2 protein chains.
Amino acid sequence: MMKCASSTEEKIKDAARKVFLEKGFEGATTRDIAKEAGLNCALMNYYFRSKEKLFATVFEEMLQLFFQGMTTVLHKPISLKEKLVELIEHDFQTFKSNPSLCIFILNELHRAPDHLVNIIQAAKTQAALLFEQQLKEAIDQGIVRPVNTHHVLSLLLSNTQFIFLGKALTMNTWQMNEDDFNTYAEDHKQLITQMIVNFLFIADPEIELRQHGSESAVLSH
Amino acid sequence: MMKCASSTEEKIKDAARKVFLEKGFEGATTRDIAKEAGLNCALMNYYFRSKEKLFATVFEEMLQLFFQGMTTVLHKPISLKEKLVELIEHDFQTFKSNPSLCIFILNELHRAPDHLVNIIQAAKTQAALLFEQQLKEAIDQGIVRPVNTHHVLSLLLSNTQFIFLGKALTMNTWQMNEDDFNTYAEDHKQLITQMIVNFLFIADPEIELRQHGSESAVLSH
DNA sequence: AAATGATTTAAGCAAATGTTTAAATTATAT
DNA sequence: ATATAATTTAAACATTTGCTTAAATCATTT
């Protein structure tokens with residue numbers, strides 16, 4: 001009864017993912033996807049009912065993958081500071097291995113806000129609240145500057161996303177090749193990690209001086 | 001010989017700007033634009049030769065406007081710190097009054113990198129070098145942490161853009177109305193200004209304690 | 001092997017798209 | 001006023017689009 005359904009289905013999804021990421025929803029055509037998959041274009045509607053449905057499937061899977069990584073980090077039994085560092089690391093890794101992902105997600109957010117909002121709402125309850133609680137505790141303990149969860153998440157996401165959003169521009173403007181860019185991205189990751197941690201965590205001079213040496217030395221006159 | 005060319009031309013550009021901003025290049029149709037302008041759709045090709053050319057015109061004008069503001073700030077005879085603050089203020093203002101502008105620009109960067117790159121290259125030589133020089137001087141004087149110009153510009157742009165890129169998501173996720181969002185954006189502006197300035201400028205305890213009171217107080221144990 | 005149901009294909013449909021055409025209208029110069 | 005050139009319009013053109021159809025192919029069951 002079944003020949004190799006899952007195989008073709010996967011081929012279509014793979015092709016769709018690639019083409020949608022590259023050209024966006026409107027920019028991609030069903031024939032583009034079929035060609036990329038090396039399949040008849042009617043198959044697209046046989047397995048998924050429409051371009052819209054195929055897109056939604058691919059999009060949700062991709063977002064799922066992204067959130068899964070974040071959720072894993074958020075659930076780890078580690079300190080808030082370690083969590084922040086790992087979240088930044090995770091985002092950098094994700095977007096580095098797939099630079100089109102940011103603009104793809106942001107585009108969908110602009111095209112059909114409700115779609116993304118619904119997915120986020122579902123994922124939110126899982127682990128974000130845990131993070132929020134941990135942040136609040138740290139604030140209560142006077143370890144962290146009093147700041148809204150939302151602001152913190154914005155800081156993380158904006159600083160990790162942007163570098164990859166502007167990758168083409170950066171490489172061109174500053175005459176970089178792929179290696180140069182990776183070096184630059186790595187530097188920037190260190191920089192924003194330091195900046196965000198320094199900003200959020202209220203420095204305990206005794207400890208901070210040993211941990212961050214040069215950065216904090218200047219504050220100890 | 002001329003009836004009211006410039007008037008119709010402007011009407012088309014206004015309509016195109018609006019529709020392109022809303023739906024992007026592929027998402028917008030020539031008929032959408034004609035309808036928005038209340039004009040026959042053949043006029044679009046009479047004044048601009050093609051959809052692509054119309055888009056390029058509108059896009060370049062919009063980018064010009066954005067850079068003009070930045071250039072003005074960069075040319076002001078003020079300190080580096082004041083410049084940073086004003087740049088952040090300018091970007092926030094620009095994107096606040098036109099939230100679609102970020103995604104629009106980033107989209108074009110993804111769709112046709114060369115287009116944007118050429119424009120930027122032309123604008124770059126004007127005022128950015130001036131900023132770079134001022135930054136380097138400050139670093140030499142030990143006022144500012146040794147950091148690349150590019151990193152600084154990334155910090156500015158990423159933190160100002162992101163909040164507006166994710167506006168729809170933010171408002172929905174955190175149940176905000178337009179006023180709430182504006183308040184949040186204003187808060188975030190203050191926060192990132194403080195964070196970036198604190199990070200870049202090497203604090204002179206004597207002065208900093210008076211300027212930033214609560215933030216730096218903790219560092220003075 | 002024959003029958004059945006799942007999968008794949010080629011062909012094409014209806015609508016939409018960017019663009020052109022040729023005629024109609026309007027403004028301007030003589 | 002009339003001729004001329006600029007502007008505007010309705011209609012249509014050729015492609016491209018998402019999607020459907022109906023026949024062909026393949027795998028599985030009996």
Side-chain angles (χ1 to χ4, degrees), chain A residues 1-62 104 107-108 110-112 114-115, chain B residues 1-62 104 107-108 110-112 114-115:
Chain A
M1 290 194 177
M2 282 211 309
K3 197 165 61 178
C4 50
S6 65
S7 161
T8 339
E9 201 173 319
E10 213 56 44
K11 265 192 216 164
I12 295 175
K13 276 203 286 195
D14 287 345
R17 198 178 304 121
K18 187 175 173 188
V19 177
F20 279 138
L21 270 172
E22 205 174 306
K23 308 195 177 187
F25 178 75
E26 281 105 350
T29 71
T30 53
R31 281 168 180 82
D32 282 340
I33 297 170
K35 196 177 177 187
E36 173 71 34
L39 297 168
N40 187 289
C41 72
L43 277 173
M44 222 200 63
N45 289 43
Y46 177 76
Y47 283 98
F48 308 85
R49 293 178 47 81
S50 66
K51 182 190 180 186
E52 190 87 40
K53 291 237 171 65
L54 172 59
F55 180 85
T57 306
V58 164
F59 181 76
E60 279 157 33
E61 277 188 16
M62 233 152 29
F104 178 73
N107 240 327
E108 178 63 1
H110 187 249
R111 194 181 72 94
D114 291 342
H115 184 202
Chain B
M1 289 194 178
M2 284 212 307
K3 197 165 61 178
C4 49
S6 65
S7 161
T8 346
E9 201 174 318
E10 214 56 45
K11 264 191 217 166
I12 295 174
K13 277 203 287 194
D14 288 345
R17 197 177 305 121
K18 187 175 172 189
V19 177
F20 279 138
L21 270 173
E22 205 174 306
K23 308 195 178 188
F25 178 75
E26 281 104 349
T29 72
T30 53
R31 281 168 180 82
D32 281 341
I33 297 170
K35 196 176 177 187
E36 174 71 34
L39 296 168
N40 187 290
C41 73
L43 276 174
M44 224 200 59
N45 290 39
Y46 177 76
Y47 283 98
F48 309 86
R49 293 178 47 80
S50 66
K51 182 191 180 186
E52 190 87 39
K53 291 236 172 64
L54 172 59
F55 180 84
T57 306
V58 165
F59 181 75
E60 280 158 32
E61 278 188 16
M62 233 152 28
F104 178 73
N107 240 327
E108 179 62 2
H110 187 249
R111 194 182 72 93
D114 291 342
H115 185 203

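Every chain is numbered from 1, with letters handed out A, B, ... down the list of sequences. From a predicted model like this one, the values you see are computed outputs, not experimental measurements.
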- For A/T8 and C/dT8, is the shortest distance between a side-chain N/O and OP1 or OP2 below 4.0 Å? yes
- Query: Looking only at side-chain N and O atoms, does B/Y46 come under 4.0 Å of OP1 or OP2 in D/dA6?
  - Reply: no
Expressed as a whole number of angstroms, how long is the span from [X]:[atom1] to [N]:[atom2]?
X: A/I33; N: D/dG18; atom1: CD1; atom2: P; value: 8 Å
X: B/E9; N: D/dT7; atom1: CD; atom2: C1'; value: 12 Å
X: A/L43; N: D/dT20; atom1: CG; atom2: C1'; value: 13 Å

- Quick one: what's the B/S/- string for nucleotides 15-22 of chain C, heavy-atom cutoff under 4.0 Å, read 5' to 3'? --BBBBB-
- Item | Electrostatic pair A/D32-A/K35, nearest N-O below 4.0 angstrom | no
- Message: Taking the basic N atoms (NZ, or NE/NH1/NH2) and the acidic carboxylate oxygens, is any pair closer than 4.0 Å for A/R111 and A/E52?
- Response: yes
- Query: Is it the case that B/K51 places NZ or CZ above or below the six-membered ring of B/F20, under 6.0 angstrom from the centre and within 45 degrees of the axis?
  - Reply: no
- Is the NZ or CZ atom of B/K53 both under 6.0 Å from the centre of the six-membered ring of B/Y47 and within 45° of that ring's axis? no
- Message: Please identify which of these residues, B/R31, B/K11, B/K18, meets the side-chain hydrogen bond (donor to acceptor under 3.5 Å, both in side chains) condition with B/E36.
- Response: B/K18
- Task: May I ask you to check whether B/F48 and B/F55 place their ring centres under 6.0 Å from each other?
- Result: no
